[in-house]
Amino acid sequence: MKELIITSLLGISILALDIVKLRKAILPVIILGLLGTITSCILDWGHNENPFNNNMLLFDNYALGFIVILSAVTLVWFLISTDHFSGSESRTDLYALVAFSFAGAMILAAYTNMVMLFLGIEILSIPMYVLAASNKKELISNESGFKYFFLGALASSILLFGIALIYGATGSFDLPTIATAITTNGSGTILTAGLLMIIVGFAFKVSIAPFHFWAPDVYQGAPTMVTALMSTLVKGAAFAAMFKLFATAFAPTLDFTQTIFVVMSIITLLASNAMASIQANTKRLLAYSSVSHAAFMLAAVMLANTISPSVLMYYVLVYSVSSIVTFATLYHISKAQNGAEGFDAFKGLVKRNPILAGAMTLALLSMAGIPPLSGFMAKYFIIGAVIQADQIWLAVIMILSSAIGIYYYLKIIMAMFTPIENAGRIVITDLQRILFIILSIAMVALFFVAAFVK
Amino acid sequence: MLTEYAFWFLSFLAVFSALTMVVTKNPVYSVLSLILTFFAIAGHYFLMNAQFLAAVHIIVYAGAIMVLFLYVIMMLNLNKFEDEKKSLFMNSLSVIAGCILGFVLLAVVKRTDELTIVAKASSAEVGLVENLGNALYKDYLLPFEMASVLFLAAMVGAVYLSKKEMV
Amino acid sequence: MEKLVSLIPLFPLVGFLYITFFGKGLSKNLIGGIGSGAIFLSFIVSIAVFTTQLHGGNPTTVKVLDWITAGTFDIDIAFIVDPLSTIYLLFITGVGFLIHVYSIGYMHDDEGFNRFIAYLNFFVFFMLILVLGDSYVTMFVGWEGVGLCSFMLIGFWYKDMKNNDAAKKAFIINRIGDLGLIIGMCIIFFQTGSLKYDELYISGSEASSLQGWHLHAAAIFLFIGAMGKSAQIPLHTWLPDAMAGPTPVSALIHAATMVTAGIYMVARSSDLFSASDIASDVVTYVGILTAILGATIALTQNDIKKVLAYSTVSQLGLMFVALGLGAYSIAVFHVITHAFFKALLFLGSGSVIHGMGGEQDIRRMGGLKKYMPTTHITFLIGTIAIAGIPPLAGFFSKDQIIAVAFENNILIFVLASLVSALTAFYMFRLYYLTFHGKFRGTHDQEHHLHESPKVMTIPLVVLAGLSIVGGFIGFPHAVGHSVHFPHWLDHFLEKTVVMPFMEADVATESILMIVATVIALVSTYFAYNMYKKNEELALEDDEIESSTHLTLVNKYYIDELYDKIIRKPVDQLSAFIGKFIEPNVVDGLVKQVSAIPQGIGAATKLVQNGKMVMYILAMIIGLIVLLITLI
Amino acid sequence: MMEILPNVTINHYLMLSVALFTIGAFGILFRRNAIIMFMCVELMLNAVNLTLVAFSKLWGGTDAQVFVFFIMVVAAAEVAVGLAILMMLYRNMHTTSTDVLDKLKW
Amino acid sequence: MLTIALIALPILLATVIFILGGKAAKNIALGGSLVQLALTIFAAIQLHQGQTALLNFNQVWMGSLGINLAFSLDGISIVLALLSAVVSPLIIYSTFNKTLKNASVFYGLILLMLGSMMGAFLAADAFIFYIFYEIALIPIYFLILIWGQGEDRAKVTLKFFVYTIFGSLFMLISLLYVYQHTTPRSFAFDAMYQAGQALSVVEQGLVFAGIFIAFAVKMPVFPFHTWQPSTYQAAPTAGTMLLAAIMLKMATYGLIRLVLPMVPDGLTEYGSWAIGLSVIGIVYGSLMAIAQKNFKLLIAYSSIAHVGLISAGILSGNIQGVQGGLFEMLSHGILAVAMFYVYDMFESRLGHDDINKMGGVRDGHATFAFLYFALVMGSVALPFTSGFVGEFLLLIGLYQANGWYALFGGLTVVLGAVYMLRAFQKMMLGPASAVTTAFSPMTKQDKIILIVLVALVAILGVYPDPIMKMSNTAVESILATIR
């Protein structure tokens, strides 16, 4: 609970600091706030199993784990993107929006009530709509923001209809109560319809086919660092929420939903990887790759009653780390050459900035799932679980799409190692350099500590 | 008896004006039809003893949201026919998709016989301000507080987007 | 005493290594001395080992080194000492030594002298391994090794690509045979679990577990190996080409020793072959065909070495006839006598070529008798020996082959007699054209004509002596009984090879001997008549009109045929695969597979077209599809 | 049991809200004017609200009505942001047609 | 502990080189690889004496998943360990005459690759094996990408990388499938063998298919080979050596370790297609080699032929085939390094490797000709060269599976001679020419490397028994688990 308070206050205090013209203090406050959140989570670890405030939130280890991961991601994001908004005069607004969004993410990790779910999603999303459109002069940013917002609103209404039907069938918004009701009464048509509509709502949020079409457009149009946030914070939180929902409230229906999830995963994998492999724009490519990773995480949700949530947590963490690195690198590269985002922009990076190139290479290899990088273990856990659930076909498709994934990730790596003439250095700050190095180490180190998953 | 007639009347009104909202070409008419729909829905709330909600509904939707819409339309000077170029293909596709969706949803929700309803206490007085207030400020205090965060965020966002950059 | 056997191959090996690595500054005579000395030492040891067998020693194996271990497949480098191997040892080292000595003179002026001697040593080493090996695998070591040395020596003058091609041809055709041999070994191992002679044939007679088609297949595949090495149809084409090598090589490898490895191997496997009638028939018919083919082609060849080469092919064919008919010891007998006189003939021809300054065409020779007396005499002895005129070596061995053929198969008998007649004819044709008549070469050549040095002629003389007396080791019954030396070789070999069932009475045998002699004499007379008396000359290439003659000169166009049906198709197939299959079919498949994502992508593009309505439509259709499952 | 008003069952209300929901969805597909489409979303949200109120009547608890309240709150916030985005879009594009938004594709 | 040292040493040294950089890199690398060689020989002696205390290592890594850091050096692993330990100093030394940009990274990557390949050879846990199997790809990928030759190397490496990973992911599925049937869950080889053998025949056949595709791509076996010639051509010579000499051995080694004992019934019942493909690959690779005019491509295709034979022999599943396969791996590794070194000598001296434009080098380069010829003989599997022992046993083994396979596979005996001799003749023989003069005499480095390699070829050919005896027991015990 403390965590949520800290975070909410964080957003407000950012705004307050702006008002009192203490802009210099904003970043330290953010760092303090996020570190405070992490510390508080660690202190609460294992102690807090009681739900808060009439079963609205439950800060159990599941929630705390996700909160720690998401706060760490947000913290890194803030540090690594310090120069992203430096040009913008009203960057405090954006910082505050990120902080609010993070609060929403936190709610999604800890909710135990549909109301909180709904609110969490909206608190997470509404700032994101704005952030996606935050590059106000850019038409594509506008387009991105609008598409995100509008389709998001549509998805929300479908999700809400689903929640309404679930309420109609069970008479409750409380997750455990819903689970009990389903177990005692069985799942009728209305309940299942509600369930399906909730799936649609979530599928939209986490970009699962055929509800993913917004994702590449929005990711591409949004400012790069915002995209980084979308693919880490938003996605992680949405999956945390989804997993929780299907591990508690809808656990009795998982056998039914499994087929749906399998089909959706397969479609997602095929569509996203196929599209990614024909992209010329790396940002859009990464967007599609993000969609394909969603399919892996969806598999974790699908197996919510057999798999340990730590598998999903691990995946989110691993994916977030590499995702932040890729988008941050892309940001630096594209900033250095007038917003170019094609493969050519990456050419000669190994000379222009070896640290960026190294970190990017590791990140891409990690996403591709090549040992000894953490991405391999993450995928391994999922595929192993999928096979255990006897969904061999899904596993095969996952494997095939991983191979396609390697193809397009390597295209970027290839470009980085293609020498070019008279390339200027790409300058990054010391802090960023350290962060890139830390993240690189993390990508390898997470592989070896994967033992603690489960 | 009366409620039954009221139900049918309000329902018809809601559906009709909703359809008008969709098909009419003039955005202003659309807004006005939607407001009519909202009133009809508010009427339903009254029928179902949700007086507080009906009031809030009128205030928020008809009073605030739709006014906002109207305001935007006026400000952007959209109160004229804007030619929407659409292919017949997409049109028919959307009609077909809409019809099937409606059909499917209807087919689904008519299965209420499968529901096992366990009615709760104090059913008659539910919609009153007192009860709702209790629920809102006791059970749902946290969401209520978080709603304020949501508003703050939305406000900041809207302000950010609307203000001119002073560079 | 038997332990000494491991020294036999060691000497040539050491000789080879020493000359290769330390021979750089040494004088040619010293090198020659080392090379021939090594062989001579081996010869001495061979005699010692031979005597143990002569005095009734039992076949023994001497293990040198653990070699290959794979489960039950356990092969050592070990040497078998038994009559068959020791008799081979004797003539390999003996003839080998003589040819080494001869080479010192013959190759004296060649810049690759050291290399030559080293290679010869190396060859002898492998040849010894071949006959000493106690299992098929060890034999195969020598088998391939001699092929390697043959390759190196045929292409000895590597600057001429023709030599290299001949060398390559020899190696590759041999390899085809080797593949057969390998498969044969595979079959034997698969069926019996062993490849060692003593387990297979001598002690346990494991070979009896070879039954049915396995037996025939094993024997036939082994014989394919023999076909390659011993130049039998259809793998014979390399041997005439192999004459591209220096003449001592032709004498040693392509006449006396290596090419008889096939006979050795079949004799070694006599248990196997005698059990398989099909294989034996195959061997017989292939042998007789080869014999006829070789003999007929030899009639028309004008290159002195080519004549001898085809003669070798033909003689080898006869040996296989003997093998096929079950007369293994007689085949070995013919191998030995053949080694003597064919080595003699080759060395003699080498002497001629040496004297002629490299000229090999008998149409450019004639009347050499007076310039090279020693060579002439020894060559004549060789010719008589091969023609089968008693009492020289060739007579005894060939006669017995014909006798066996008579016992078993009249058709073969007739054909073998024909071969015998042809042999006498073409050999005397060669002899007369070379040594009689008047000299037809250039003035320069005439001026330089000289007898070869002692170091070359002494081996000739020794070999001539052996060609005269060599046949006595295998007197046929008729003569043998009278000198108390009947079939000495047969008795000596009977421990290791299967003896034919042959009970011809003395009268038949004697008649056959007389018939054979008459045939040889008659065709000698024909040759004499044509080439000596009428002084007919061989036609120049462009004068030939008769199509039969042309076919023979062109060796039945077999090379051309192979070129057409094997080499070209393989090349074309390779080119086709390389140009079409690989990029289009195999890699094309890969490309097709990798195009699948692009295809899916292209389809997805239709929806992902940037228009929001499409996305909404997709969502709603998705929703509908999900909900429709509920109805 | 299923009657929540005299002679009016839950089914009636569900059908009504489904009708409204579908009209909203249809409108979104059918129209290209961003504002109208946005209004259609609002209509869909109202359909949800109506459902919830009807269920609330059926179940007799306050939860659903509180939920409706929150939906309204969120809808208001969404409208604020949405219209801000729309305005911005209009400033740059001078149209509210969603058809012109196809810079981002494939 | 020794096993860990064998894996850790190159990796640690690689890290050192990465960090220190500079000119010392190549000497550190060479020194390290020599130490590695010494350690391996020490390990071999230990194994020979039957002291396995130092050779086994087992440490729980992910206990709940049954993944252990288990390494063990047995008679099979030692062959491969020896191969990579023997060959790696030579490979490193072979680059000494080249000026490389970022030399420290280059040598570091080579060492990394050696470490990971060693890891795969020594692993006693299927998961660890898989990890190392994959890791090895990364260094070689960068070696080719950065130091390779040709404009299209980026494309080529892409194909190589994607293709191989694509294959090995199937192995992952198969392994996971078997893993699901272990009780308690464990990736340890023994447990996997048990679980695999308990599967139904159809399941085994499918598991086999998955694993085989992975190895088939890596080896490569027809028709999964199309990445290989172009990759070999694009790679720097040292990289090609690593690929051909050691890396593809991970796949053939995997056949022995993972396929034979894990899915024996599936192999016998449904495995003949794999043997068939391997056999086709033998002939196909040979024919392709005949069609090549570039020496490097010729060796590349000949490698396909050789590896096809190894694969077919091992899959025939009897001790002769497996032993032959093991030994042929060793031999092929040594010969591949040698052949590519010869290629490099020509390439660096003449600037091309078109055999049609060569000739006459034999004249005046007698020593080189001798050494090269010895290598040619080794690669056509002449007895008393290392090539023979392996190839012969493989054919013996293959025959036991199917006589026709042996007959077709045996064609390599003939076709191998065709292309190798053709190449040798075109390159070395014939009259002296401009090429002869352009071909500068062998340097000390050339001599050392070639002489060592030729000596190895000869020694292993004449006296292979110590190694064969070592592996014999291990192979027997692995095959014993099957029946």
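Every chain is numbered from 1, with letters handed out A, B, ... down the list of sequences.
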Which value, rounded to the nearest 0.5 Å, describes the distance between [X] atom [atom1] and [Y] atom [atom2]?
| X | Y | atom1 | atom2 | answer |
| --- | --- | --- | --- | --- |
| A:Asn273 | C:Thr604 | CG | OG1 | 11.0 Å |
| C:Ile600 | A:Ile404 | CD1 | CD1 | 6.5 Å |
| C:Leu626 | A:Phe211 | CG | CZ | 5.0 Å |
| C:Leu623 | A:Phe204 | CG | CZ | 13.5 Å |
| C:Gln608 | A:His212 | CD | NE2 | 5.5 Å |

Over all atoms of both residues, closest heavy-atom pair of [X] and [Y]:
| X | Y | answer |
| --- | --- | --- |
| C:Gly601 | A:Ala274 | N-CB, 3.5 Å |
| C:Pro597 | A:Ser277 | CB-OG, 3.8 Å |
| C:Leu630 | A:Thr189 | CD1-O, 3.9 Å |

Mark yes or no for whether A:Lys147, through its side chain, and C:Lys611, through its backbone, hold a donor-acceptor pair below 3.5 Å.
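Not a single qualifying donor-acceptor pair exists.
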Given that the side chain runs from C-beta out, which part of [X] has a heavy atom under 4.5 Å from chain C: side chain, backbone, both or neither?
| X | answer |
| --- | --- |
| A:Ala155 | both |
| A:Leu196 | both |
| A:Ile260 | side chain |
| A:Leu400 | neither |

Proximal to chain A - members of residues 573-583 of chain C, heavy-atom separation under 4.5 Å
none
Ranking A:Asp217, A:Ile158, A:Val200, A:Leu270 by heavy-atom pairs under 4.5 Å to chain C gives rank one to A:Asp217
Taking the side chain as every heavy atom from C-beta outward, state whether A:Phe213 and C:Met612 have any pair of such atoms under 4.5 Å apart.
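Side-chain contact under 4.5 Å: no.
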